[in-house]
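What's counted below: heavy atoms across the whole structure, side chains too, no hydrogens, waters or symmetry copies.
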Amino acid sequence: MSGDAPRSDADVATDPVATGPTAATGPTAATAAGPGWWDRVRGWPWWVHVLLVWAASRLFVAGAFVWTSTVQAENLWTGANPPYQEFVGLFYDAGWYRQVAESGYPSELPRDEQGLVQQNPWAFFPLYPMLVRALMTLTGGTWVVLAPTVALLLGGAAMLVVHEVVRHGAPRAVAARPGLPLATVALVCAFPTAAVLQVAYTESAALLLVASSLLLLVRRRYAWAALVVVALGFTRAVALPMAAVVVVHAAVRWWRARRGEDTFGGRDAVGLVGLAAAAGISGVAWPAICGWVTGVPDGYLQTQEAWRGVREVVPFSGWTYVPQFWFGEWGTPVMVAGFALTAAVLLVPAAWRLGPELHTWSAAYVVYILAVIEPGSSLARFLLLAFPLGAVTAGVVPRPAWARRLWFGAVLVLMLGLQVLWVRQMWEFNPHGDWPP
């Protein structure tokens with residue numbers, strides 16, 4: 001999917017903190033000693049570097065899971081101290097996805113004595129569990145083995161696409177900050193909740209589809225992008241923000257065409273209208289299917305309400321009471337500070353150096369999740385799909401080289417530490433009651 005765009009010097013170097021080729025030590029020394037091992041590694045193809053970063057990060061997180069499993073008590077899904085595959089394949093939402101894969105969706109929504117819809121599989125989208133089910137049928141393998149493995153492989157593919165969408169979609173940012181595509185991959189892999197990219201959750205599939213949609217849009221492959229967006233609509237409830245990205249992309253192309261800097265013909269307009277329609281339809285397709293199968297038009301919304309403290313789905317309403325639940329009288333200041341930090345990340349110069357598609361996705365997706373979720377323990381996991389903010393973080397300090405390396409190293413170490421903390425505090429299940437990660 002890399003296309004025919006030229007490789008930048010930064011990508012040839014592939015060092016996320018380097019400024020360019022290593023300084024020469026003299027022709028005589030180079031001829032006598034030959035290139036060092038680090039120079040040889042840096043000369044490997046970009047996709048090898050991405051997969052090495054991915055593999056190293058997954059081994060790191062696997063260690064955190066294994067360590068945490070040693071203190072896990074007997075629980076709803078396993079006995080005490082479960083083996084790694086069970087720990088990442090059965091806990092929390094993975095249990096719901098397993099139920100979808102093995103039993104499908106109910107034709108009637110479960111209700112309590114008051115007639116309120118209870119938690120049920122319709123809250124969980126079908127593409128990932130049905131993919132695992134197909135592999136289970138073909139191979140005879142079990143959910144515990146295949147589900148985390150599929151997530152791991154999809155996560156690796158997602159990192160390859162993340163690298164390429166940053167390279168193609170943010171040329172100004174790459175020019176300002178050498179090595180930005182690989183640095184972004186490293187920060188996404190180290191993000192505190194990136195541990196879910198190797199568990200039986202849909203984040204890996206969703207990240208792959210979001211990044212692929214953006215890459216195809218940037219490359220102007222609108223028909224293929226529409227297919228990917230439709231698949232996204234059956235993976236996570238995040239297809240609607242992509243419509244905003246399509247609109248901005250179309251507006252930028254039209255404006256540049258008026259200035260003589262681009263072309264924008266009727267075929268382009270038709271392709272973009274179709275892509276925007278695909279994003280809109282994908283955003284409502286699964287709720288519509290839920291209503292049709294169960295006979296309850298708003299069955300999906302009622303199902304979502306079953307997970308909320310207040311049984312209603314009203315945009316942004318959760319922010320009026322949840323912060324006070326978590327932080328008491330500090331709820332409002334903490335919320336304001338969080339919003340200010342988010343706005344700052346979206347408005348710093350490094351963010352504006354992103355291409356319009358990546359910048360718009362970050363902003364539209366963040367606003368979307370703020371509108372539709374009840375803020376809680378899963379919010380940090382949802383932010384993983386705003387992956388272009390990793391490029392913003394890496395690009396905050398473009399120069400000088402020593403400052404860039406120091407900033408990148410400090411952020412990387414901090415995120416890896418928070419990742420271990422997230423696994424230890426959030427993934428360990430308390431049988432007496434716990435918050436989902």
Can you tell me if [X] uses its side chain to pair, donor with acceptor, with the backbone of [Y] under 3.5 Å?
X	Y	value
Ser57	Ala190	no
His163	Met159	no
Ser103	Val100	no
Gln85	Val144	yes
Ser377	Pro436	yes
Arg424	Phe65	no
Arg381	Pro437	yes
Gln198	Ala151	no

Salt bridge between Glu305 and Arg308, side-chain N to carboxylate O under 4.0 Å?
->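 Looking at Arg308 together with Glu305, the answer is no, because their closest N to O distance does not fall below 4.0 Å.
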Quick one: do Asp93 and Arg98 make a salt bridge, cutoff under 4.0 Å?
->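 Between Arg98 and Asp93 there is no salt bridge, as every charged N stays at least 4.0 Å from the carboxylate O atoms.
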List the atom of [X], the atom of [Y], and the distance in Å for their closest heavy-atom pair.
X	Y	answer
Gln118	Ala306	C-CB, 3.7 Å
Asn75	Gly79	ND2-O, 3.8 Å
Pro106	Trp122	O-NE1, 2.8 Å
Val345	Val392	O-CG1, 3.5 Å
Leu383	Ile369	CD2-CD1, 3.6 Å
Ala243	Ala279	N-CB, 3.7 Å

Have a look at Glu374 and tell me which of Trp319, Trp307, Tyr321 forms a side chain to side chain donor-acceptor pair (under 3.5 Å) with it.
->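 Of Trp319, Trp307, Tyr321, side chain to side chain donor-acceptor pair (under 3.5 Å) with Glu374 is met by Tyr321 alone.
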Starting at [atom1] of [X], measure out to [atom2] of [Y] and round the result to the nearest 0.5 Å.
X	Y	atom1	atom2	result
Leu275	Arg220	CG	CZ	13.5 Å
Leu370	Leu379	CG	CG	7.0 Å
Leu180	Thr184	CG	OG1	4.0 Å
Tyr84	Thr68	OH	OG1	11.5 Å
Ser378	Met426	OG	CE	7.0 Å
Met136	Leu138	CE	CG	11.5 Å

Do [X] and [Y] make a side-chain contact, defined as non-hydrogen atoms from C-beta onward lying under 4.5 Å apart?
X	Y	result
Gln119	Thr303	no
Leu207	Ser204	no
Pro398	Arg353	yes
Phe382	Val372	no
Leu52	Trp44	yes
Val420	Trp67	yes

Residue that, paired with Tyr105, satisfies ring-ring contact (aromatic ring centres under 6.0 Å, His included) out of Trp286, Tyr97, Phe125 |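 So the option named by the test is Trp286.
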Which residue, Leu418, Val413, Leu412, Leu414, forms the side chain to side chain contact (heavy atoms under 4.5 Å, CB included) with Leu416?
->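 The single option meeting the side chain to side chain contact (heavy atoms under 4.5 Å, CB included) with Leu416 is Leu412.
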Answer with yes or no whether the side chains of Asn81 and Ser69 bring together a donor and an acceptor at under 3.5 Å.
->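 Short answer, no.
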N/O donor-acceptor pairs under 3.5 Å from side chains in residues 222-241, not counting sequence neighbours:
residue	atom	partner	partner atom	Å
Tyr222	OH	His249	NE2	2.7
Tyr222	OH	Arg253	NH1	2.9
Thr235	OG1	Ala231	O	2.9
Arg236	NH1	Glu203	OE2	2.7

Axial cation check for Trp54 ring with Arg58, 6.0 Å and 45° limits =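 Yes, Arg58 lies over the aromatic ring of Trp54.
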Taking the six-membered ring where the residue is Trp, are the ring centres of Tyr201 and Trp427 under 6.0 Å apart?
->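 Yes - the distance between ring centres of Tyr201 and Trp427 falls below the 6.0 Å cut-off.
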Check the angle between the aromatic planes of Trp77 and Phe91 and answer parallel, tilted or perpendicular using the 30° and 60° thresholds.
->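 Ring orientation, 0 to 90° scale: tilted.
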Please state whether the rings of Trp96 and Phe124 are parallel, tilted or perpendicular, taking 30° and 60° as the class boundaries.
->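 Judged by the thresholds at 30° and 60°, the geometry between Trp96 and Phe124 is parallel.
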Around atom CH2 of Trp255, are there more than 12 heavy atoms of other residues, nucleotides or ligands at under 6.0 Å?
->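 12 or below, so no.
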Contacts of type side-chain contact (heavy atoms from CB on, under 4.5 Å), residue Trp352, not counting sequence neighbours |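 Scan of Trp352 (side-chain contact (heavy atoms from CB on, under 4.5 Å), adjacent residues dropped) gives Leu347, His359.
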